[in-house]
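For reference, the structure discussed in these notes is given below.
As the structure lists them, so they are numbered: ligands from 1, and atoms in each ligand from 1. Worth knowing before you read on, the calculation uses all heavy atoms, side chains too, and leaves out hydrogens, waters and symmetry mates. The residues of the chain are indexed from 1 along the displayed sequence.
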Amino acid sequence: MKKILFLFLLICSYSQLNAETGYDLWLRYQPIQDQTLLGKYRQQISSMYVDGNSETIRMAREELTNGLSDMLQQKFSSPSAMGSAASLIAARGTSSLLATAGIKELLAQTGEEGFIIISKNLSGKKRIIISGNTDKAILYGVFHFLRLLQTQQSISNLETVSVPKVKLRMLNHWDNLNRTVERGYAGFSLWNWHSLPGYIDPRYKDYARANASIGINGTVLTNVNANATILTKNYLEKVKALADVFRPYGIKVYLTARFSAPIEIGGLKTADPLDEKVRQWWKDKVKEIYQHIPDFGGFVIKANSEGQPGPQDYKRSHSDGANMFAEAVAPFNGIIMWRAFVYSAEKNVDRHKQAYDEFVPLDGAFHKNVMVQVKNGAIDFMPREPFHPLFGAMPKTPLMMEFQVTQEYLGQATNLVYLGPLFKECLDSDTYTSGKGSTVAKVLDGSFNKDQTLTGITGVANIGTDVNWTGHPFAQANWYALGRLAWNHSLSAEKIADEWLRMTYSNHTAFIQTASKLMMESRDIFVQYSNPIGLHHIMGTGHHYGPAPWVNNLNRPDWNPVYYHKADSMGIGFNRTATGSNALVQYHPEARKLWEDMNTCEEKNLLWFHHVPWTFKMRSGRSLWDELCHHYYSGAAKVKEMQQSWANLNPYVDQQRFDQVRSLLNVQYDEAVWWRNACLLYFQTFSKKPIPGQYEKPDKTLDYYKSLRFPFAPGN
Ligand code: GCW
């Protein structure tokens with residue numbers, strides 16, 4: 001009886017949770033409800049002191065004061081008189097406050113950005129010390145400490161030493177100057193170019209806080225499909241205004257450079273990277289940028305890709321192009337991230353192979369301050385994609401990972417898809433290029449190259465003006481996961497989901513268990529009802545929304561879905577073995593083994609590498625056709641289960657955010673059925689086999705699905 005009453009009271013109290021928009025992201029700093037824990041925390045943190053007076057320290061102090069005051073429900077401040085009397089001290093290792101703390105050795109390992117959080121007896125009193133070698137490190141430590149409280153961890157015996165595994169942890173915004181966002185599904189661009197630099201939207205600071213809290217230290221403000229206008233004086237003043245807001249949070253600003261800018265805004269006749277006038281133009285432009293933004297990070301460049309101008313327009317190589325920029329930014333310690341996302345309409349070569357063919361011969365030809373930025377897979381951010389064969393294949397060139405956080409191909413902003421498992425699947429893949437265990441993550445972090453100074457992971461942002469930043473409330477988790485993995489790629493996707501859920505929603509065990517499962521399964525479920533068994537690139541034209549495997553009339557063969565699935569009366573899938581395009585040859589022989597034989601190939605990538613007969617016997621005992629039906633149907637059915645799981649979480653979530661997710665899951669179910677029916681009806685025209693009797697038949701015709709149009713779908 002008592003138990004029932006308790007449950008009743010619990011449900012009453014939760015359903016009165018205040019409505020939230022999601023604006024606060026994972027930085028909600030909710031009052032700690034658990035009284036025992038609250039008591040402990042209050043005792044352990046009776047007073048605080050943040051030492052220093054730089055802008056960054058001021059931000060750290062502000063965050064800690066607000067966070068502690070809100071969570072512990074008592075007023076905190078950091079009075080300058082407090083100093084060594086405080087029970088929580090945040091200070092640089094060189095601070096006299098920590099002279100006797102004995103942390104020198106620890107701090108010798110933490111570099112410029114790493115931090116320590118330790119419990120220590122100092123002058124006869126137990127304290128918590130947050131320290132590092134720079135103010136930025138302290139800021140990171142403060143955010144981490146707040147996270148410990150937000151996720152209700154014990155702070156009794158702290159001995160955290162945390163050092164980022166890669167140096168550049170970035171977001172790439174595909175934001176246009178007119179504020180549309182290419183592949184953006186969360187409203188318009190945050191950057192209000194028109195009102196900058198005069199008006200500084202407070203949101204810019206919240207953006208910086210959120211990024212700093214997960215260790216992101218760079219942001220590329222503009223679309224890789226670049227507009228040269230960003231490099232004009234007017235706009236540089238706007239960029240400077242943003243850089244000034246981000247700087248205290250340790251975030252550097254980068255831009256995309258349009259290769260033809262010397263012609264478009266410089267009045268030159270050519271953009272040839274070996275032309276002296278062009279080189280000088282870029283040098284002057286870069287100098288001008290650094291006059292505005294002394295810590296400008298550098299450029300990201302998409303060249304000779306999907307119609308963008310580039311060095312090949314002048315019969316020069318990618319390294320000629322990259323090195324011209326590298327030379328211009330080198331005096332200012334800037335860097336160049338040169339994208340490897342290239343494939344040509346003229347070449348009749350499997351698109352999968354083109355970047356490798358183009359870039360591997362250039363290994364060693366790039367200047368020291370150039371990174372080659374490689375997407376996680378060789379095609380294009382597909383729902384499931386084997387790792388890009390370039391990882392491990394350019395040992396003399398630092399490679400930057402480019403993930404896509406925005407869900408261009410993974411349900412955009414209507415589907416709940418947690419990308420942690422996708423990121424991890426790639427990072428943990430073994431390239432074998434330096435022996436067993438040469439994971440993509442280790443290639444990135446420089447484990448195999450002692451001379452490598454540049455290391456990095458970036459993600460194409462999913463952020464816009466929507467009040468909750470990301471459109472789908474759960475898409476916030478993908479931004480969060482990108483940052484956390486860039487800091488520490490060995491974190492598990494589960495651990496990251498757990499942290500995010502606790503901070504964003506609730507620490508309640510029942511909530512965490514169900515919600516975490518929901519997240520962890522979501523990506524596989526999406527793959528099942530959209531692109532199972534290694535299918536890829538069968539989405540709608542242009543907007544990439546929904547299924548359109550039948551499309552075969554686009555200008556370039558490799559823009560057509562039929563190019564990728566190759567369904568015919570015999571079977572389905574892309575033969576990338578030696579008897580086909582032989583893209584497999586680009587992988588190390590050991591890595592190749594996972595895929596090269598149709599009979600042993602891991603099934604999740606089977607149709608990526610093989611053209612498989614409809615009657616082929618799968619491990620389940622089913623024929624390929626039946627297996628395909630099984631995946632599409634069970635994928636859609638699992639969305640129903642997701643809806644049910646979410647419904648059960650009602651007591652733990654405020655009504656506003658609960659309803660939004662609930663409604664979106666309804667949309668997701670409809671979209672799953674749409675993918676399932678459209679794909680199966682279409683593939684059936686080749687397999688000529690029935691959809692097994694246990695499944696409900698599609699209630700619409702293939703022609704109906706083919707007739708659907710979405711002229712104003714976002715992100716296009
Ligand atoms: O994923 C594809 C997108 C394009 C994008 C391109 C790229 C910015 O459909 O919108 O262009 O990749 O990564 O350059």
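- In this structure, the protein non-hydrogen atom closest to atom 4 (C) of ligand 1 is E182 OE2, 3.4 Å.
- Polar contact with ligand 1: absent for S305 (N/O pair, distance under 3.5 Å).
- The protein heavy atom nearest to atom 14 (O) of ligand 1 is K302 NZ, 2.6 Å.
- The closest donor-acceptor contact from the side chain of R339 to the backbone of V372 lies at 3.5 Å or more, if one exists at all.
- A heavy-atom separation below 4.0 Å is found between H544 and ligand 1.
- The shortest N/O to N/O separation between W174 and ligand 1 does not fall below 3.5 Å.
- In summary, the atoms of ligand 1 found under 4.0 Å from a heavy atom of F341, numbered by their order in the structure, are 6 (C), 7 (C), 12 (O), 13 (O), 14 (O).
- For an aromatic pair to be called close, the ring centres must be under 6.0 Å apart, and Y418 with W500 fails this.
- Given atom 1 (O) of ligand 1, the protein heavy atom at minimum distance is D380 OD2, 2.7 Å.
- Protein heavy atom closest to atom 9 (O) of ligand 1, with residue, atom name and distance, is E408 OE2, 2.5 Å.
- Side-chain contact, T232 with N234: no donor N or O sits under 3.5 Å from an acceptor N or O.
- Proximity of the aromatic rings of F381 and H544 is defined here by a centroid distance below 6.0 angstrom, and this criterion is not met.
- Ring to ring, H565 and Y682 are close: their centroids are under 6.0 angstrom apart.
- For Y409, every heavy-atom contact with ligand 1 shorter than 4.0 Å involves the side chain, none the backbone.
- At a 3.5 angstrom cut-off on N or O pairs, N223 does not count as close to ligand 1.
- Annotation: E402 places no N or O atom under 3.5 Å from an N or O atom of ligand 1; distance criterion only.
- Close N/O approach between Q404 and ligand 1 is not found [any backbone or side-chain N/O within under 3.5 Å].
- The pair K375-E385 does not count as a salt bridge, with every side-chain nitrogen at least 4.0 angstrom from each carboxylate oxygen.
- The protein non-hydrogen atom at the shortest distance from atom 12 (O) of ligand 1 is K375 NZ, 3.0 Å.
- A side-chain N or O of Y529 and one of N415 form a donor-acceptor pair less than 3.5 Å apart.
- For the pair D428 and K424, the salt-bridge criterion is met [side-chain N within less than 4.0 Å of a carboxylate O].
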